Amino acid sequence: MNCFMLVDCNNFYVSCERVFNPALEGKPTIVLSNNDGCVVARSNEVKELGILRGTPLFKCEDLVKKHQINVFSSNYTLYADMSGRVMNILEQFTPQLEIYSIDEAFLSIAGLEGEALVHYGQNIKQTVERWTGIPVTVGIGTSKTLAKIAAKIAKGKSGICSLVAHPQIDEILTNFAVADIWGIGSQYTARLKRYGIHNAKQLRDAPDRWVKKQLTIMGLRTVRELRGIPCFPLEEIPPPRKGIVSSRSFGQPVTELGELREAVASYAARAGEKLRAQGSIAGYLTVFVSTNPYQEHHSQYANAASLCLPMATANTRELISYATKLLESIYKSGYIYKKAGVVLNEIRPESNPQLSLFIPPEPWQQNRKLTQLMDGINARWGRDTIHYGAQGINQRWQLRRDYLSRRYTTRWDELPEVKI
DNA sequence: TCTGGGGTCCTAGGACCC
DNA sequence: TCTGGGGTCCTAGGACCC
């Protein structure tokens with residue numbers, strides 16, 4: 001029989017920091033979102049203090065001081081590299097692997113049952129922990145949704161749980177809150193509550209037609225998965241993105257068009273990198289800007305402008321040029337801007353570009369060579385080693401990252417030091 | 001009194017995930 | 001002073017067509 005195994009890294013960002021700073025072990029620790037805005041990862045000690053994911057830092061500063069919580073800015077370079085290491089290990093156990101997020105993967109396991117299945121999961125868990133230092137939780141079920149539930153149950157216990165052919169499945173689902181089911185968010189939880197559905201067993205046993213009406217076809221799939229019928233298959237090859245967004249809030253408020261231009265050019269460059277990384281070109285580009293909606297006493301402005309490109313492209317120089325024009329069409333002086341972004345849509349494979357009748361192909365080929373050269377340099381020496389002048393030099397609008405740790409695994413000059 | 005029926009396509013908005 | 005970023009999918013409703 002085939003079943004799904006979810007391997008989930010515990011408090012992933014915090015665990016990454018702890019690998020290289022063992023003094024943090026057992027100490028309350030948090031990692032912040034971009035711009036040091038919100039809490040996005042918490043150690044168990046912090047979860048116990050009642051600090052919720054998504055809490056703005058300034059709203060929990062008292063608790064941070066009182067409990068001497070260790071604070072880190074997001075060190076995405078480090079986390080992405082550690083994630084790659086974890087996934088490489090999982091791949092050695094089975095090629096049937098779906099990397100679901102930076103800290104989670106689904107594995108398809110065939111031909112194992114009962115004790116042998118759990119033993120296999122334990123082996124995976126121990127190997128990842130020994131080789132990377134990242135603690136993981138393993139959940140096993142006959143559908144992805146059940147594997148997710150198993151992982152939640154395993155957390156805080158032995159770290160592994162299998163619901164496959166479990167004799168007390170009804171009891172387990174009765175004790176499992178509907179809000180904790182994968183695919184049931186706060187809105188659906190509230191709606192289900194109004195109909196007296198509070199736990200996973202009640203939802204599993206609800207009639208199909210009613211579920212579809214209330215929660216759409218996706219909700220019905222979730223319910224079927226609760227019954228052990230897989231409806232979400234393993235996606236070993238990630239489908240190419242349909243939209244690519246690159247946006248950031250600014251470390252400092254921005255008012256001048258010049259600075260906004262630099263930021264938007266930088267986001268366009270990032271979007272271009274992502275586009276090329278998946279071998280695509282984009283035909284539709286959107287630029288948006290907005291002031292800080294939380295600053296209610298300031299005058300607010302948000303706007304977006306889009307453009308259907310004359311010819312689909314993945315070329316940074318073109319993207320920057322179009323994005324800048326769009327920005328100029330929506331920029332209004334007199335506002336304090338907090339955020340801007342670039343969105344790419346109508347994404348298709350680079351292999352079959354629709355050549356334009358009116359644009360000769362030669363400059364296009366040249367641009368391509370230049371882009372490949374720049375990507376090569378940046379891949380070798382680090383992001384933005386070489387970049388367009390339009391992206392600016394000082395970049396005052398850059399992220400705030402006051403509590404950043406080192407990029408221990410990807411920079412020679414930031415290697416961990418060992419004192420004897 | 002009473003004004004059709006059946007399609008397609010697109011977009012905005014809402015729900016979810018990490 | 002201070003509130004992240006990047007995705008997915010589905011549905012309802014409007015525009016438009018014959």
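All figures in this text were calculated on a predicted structure; none of them were measured in a lab. Proteins get letters first, then strands, A, B, ... in listed order; numbering begins at 1 in each.
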Subject >> Pair assignment for B/dT11, Watson-Crick or G-U wobble, requiring both distances under 3.5 Å >> reply: C/dA12
Which nucleotide in [options] has an atom nearest any side-chain atom of [X]:
X	options	answer
A/K148	C/dG6, B/dC18, B/dC16	B/dC18
A/Y100	C/dT3, C/dT8, B/dC17	B/dC17
A/W182	C/dT11, B/dC16, B/dC17	B/dC17
A/I244	B/dA15, C/dG7, C/dC10	C/dG7
A/I217	C/dG7, B/dC16, C/dT11	C/dT11
A/R248	C/dG5, C/dC2, C/dT3	C/dG5

Distance test, side-chain N/O of [X] to OP1/OP2 of [N], below 4.0 Å:
X	N	result
A/K338	C/dC2	no
A/Q295	C/dC2	yes
A/N292	C/dT3	yes
A/S101	B/dC17	no

Subject >> Validation row, ring centre A/Y403 to ring centre A/F72 under 6.0 Å >> reply: no
**OP:** Please find out if less than 6.0 Å separates the ring center of A/W210 from that of A/Y195.
**Re:**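 Between A/Y195 and A/W210, which both carry aromatic rings, the centre distance is below 6.0 Å.
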Original post:
Do A/R53 and C/dG4 share a donor-acceptor pair, side chain to base, under 3.5 Å?
Top reply: yes
Original post:
Judged by atom type as modelled, is there a donor-acceptor pair below 3.5 Å linking the side chain of A/S74 to the main-chain atoms of A/L32?
Top reply: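 Yes; judged by distance alone, with no hydrogens or angles, the pair exists.
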Original post:
Just checking A/G243: base, sugar-phosphate only, or nothing, at a heavy-atom cut-off of under 4.0 Å?
Top reply: sugar-phosphate
Subject >> Between A/T174 and A/N199: side-chain donor-acceptor atoms closer than 3.5 Å >> reply: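 Side chains of A/T174 and A/N199: no pair found under 3.5 Å.
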Original post:
5'-most contact on DNA chain C: A/P240 or A/K212, nearest heavy atom basis?
Top reply: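 On the 5' side of the pair lies A/P240.
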